[in-house]
Amino acid sequence: MKLSEIAEHLSGSLEGNGDIEITAVAGLKEAGDGDLSFLANSKYASQVSETGAAAVIVPNDWDRAVKCALIRVENSDHSFAQAADLFYEPVPPSVPGVHPTAFVAESARIGEGVSIGPQCTVEDGAVIGANTVIQSNCSIGYKTVIGENCLLYPLVSTREFTEIGSRVIIHNGSVIGSDGFGYAVQKDGSRTKIPQIGKVVIEDDVEIGANVAIDRARFGKTRIGKGTKIDNLVQIAHNVVIGEHSVMCGQSGVSGSTTIGSRVILAGQSGLAGHLEVGDGAIIGAQAGVMKDVESKDFVIGSPAMPHLQFKKMVANTILLPKLKEKLKLLEDELTKLSKGNSAE
């Protein structure tokens, strides 16, 4: 595709040879002949003059001379996403119907336009809503209910009685409704499994990343609220309740019976103890260890978690410790000298 055509598609201002053929998109460091790249963060501005890209998408206020062609736009990040779509080869659409190698129980109810891929299993009493796509090697458990227009990528497992709303996306390898981690300790120190007889409820418009584990409730429901987005490798324990439109980033984890409000952000590798409450709009910083309730709109970080301003002061003071140690040593030396002088008198 000619660069001039891409610039027109992006409603951008072209500087350079519009007849250049663009064949792919790439990052500034990796780009070569025929590649289109972009600058969204001024931190990487120096890489524009060094890139091997044929052209770069830059903000309108770009003011440096470069050897490659430029497309000036209002929002370079957004425009690059639009440009990338031009070179994306879409996966062929799923064909409605049940693949010959799939097993679907006679008592299962399958809506119109549903696609069930190779080697899938749909157990007794399951319900799958219209136009939902179940890709290869998925397991849909006993009496699981899945709404309309959902997409389950390969190797997703839903255990018995799971309830999934409409327009839900679940990525490869996630397990919904596995047993909660519950054991009773006996006098001899051994542990006896406590039956986990509850279920998982996932509301509409939720997206769940790859290799996520959401445990069924010991009793009652583990609930993921409408519009919540969950990144890869997240653990959600039994009886956890998450409100609407919250975000859980990679490797975060929530212990049992904790309640998280709406529009909450859990940053990467954050961990929450059990039986806590996190209020609406709160932010849990990366690697935070939350051991007590968090009020609405609070921003906490650190382990144990504390208000982010307090944490920043603590880190700043920690960095100053070597200098303070030197000063203390000098003061001790001065006191020693003064002490010896007084003794001599």
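On a predicted model such as this, the values are computed, not experimentally measured, just so you know. All values below come from the heavy atoms of this structure, side chains included, with hydrogens, waters and symmetry mates left out.
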Taking atom types as modelled, is there a side-chain donor on [X] or [Y] under 3.5 Å from an acceptor on the other?
{"X": "Gln186", "Y": "Thr192", "answer": "yes"}
{"X": "Asp215", "Y": "Gln235", "answer": "yes"}
{"X": "His238", "Y": "Gln196", "answer": "yes"}
{"X": "Asp124", "Y": "Ser107", "answer": "yes"}

[X] versus [Y]: any side-chain heavy-atom pair under 4.5 Å?
{"X": "Glu160", "Y": "Arg216", "value": "yes"}
{"X": "Thr121", "Y": "Ile140", "value": "no"}
{"X": "Ile260", "Y": "Leu266", "value": "yes"}
{"X": "Val56", "Y": "Ile71", "value": "no"}
{"X": "Ser136", "Y": "Gln119", "value": "no"}
{"X": "Tyr44", "Y": "Leu39", "value": "yes"}
{"X": "Asp204", "Y": "Val168", "value": "no"}

Option among His171, Lys229, Arg167 that satisfies the side chain to side chain donor-acceptor pair (under 3.5 Å) test with Glu207: His171
Glu148: salt bridge (Lys or Arg N to Asp or Glu O under 4.0 Å) partners, not counting sequence neighbours: none
May I ask you to decide if [Y]'s main-chain N or O and [X]'s side chain share a donor-acceptor pair within less than 3.5 Å?
{"X": "Thr51", "Y": "Val48", "value": "no"}
{"X": "Ser262", "Y": "Asp280", "value": "no"}
{"X": "Ser115", "Y": "Val133", "value": "no"}

From CA spacing to verdict: salt bridge (Lys or Arg N to Asp or Glu O under 4.0 Å), Lys329, Asp333: CA-CA 6 Å; Lys329 182 65 170 61; Asp333 290 344; 3.1 Å; yes
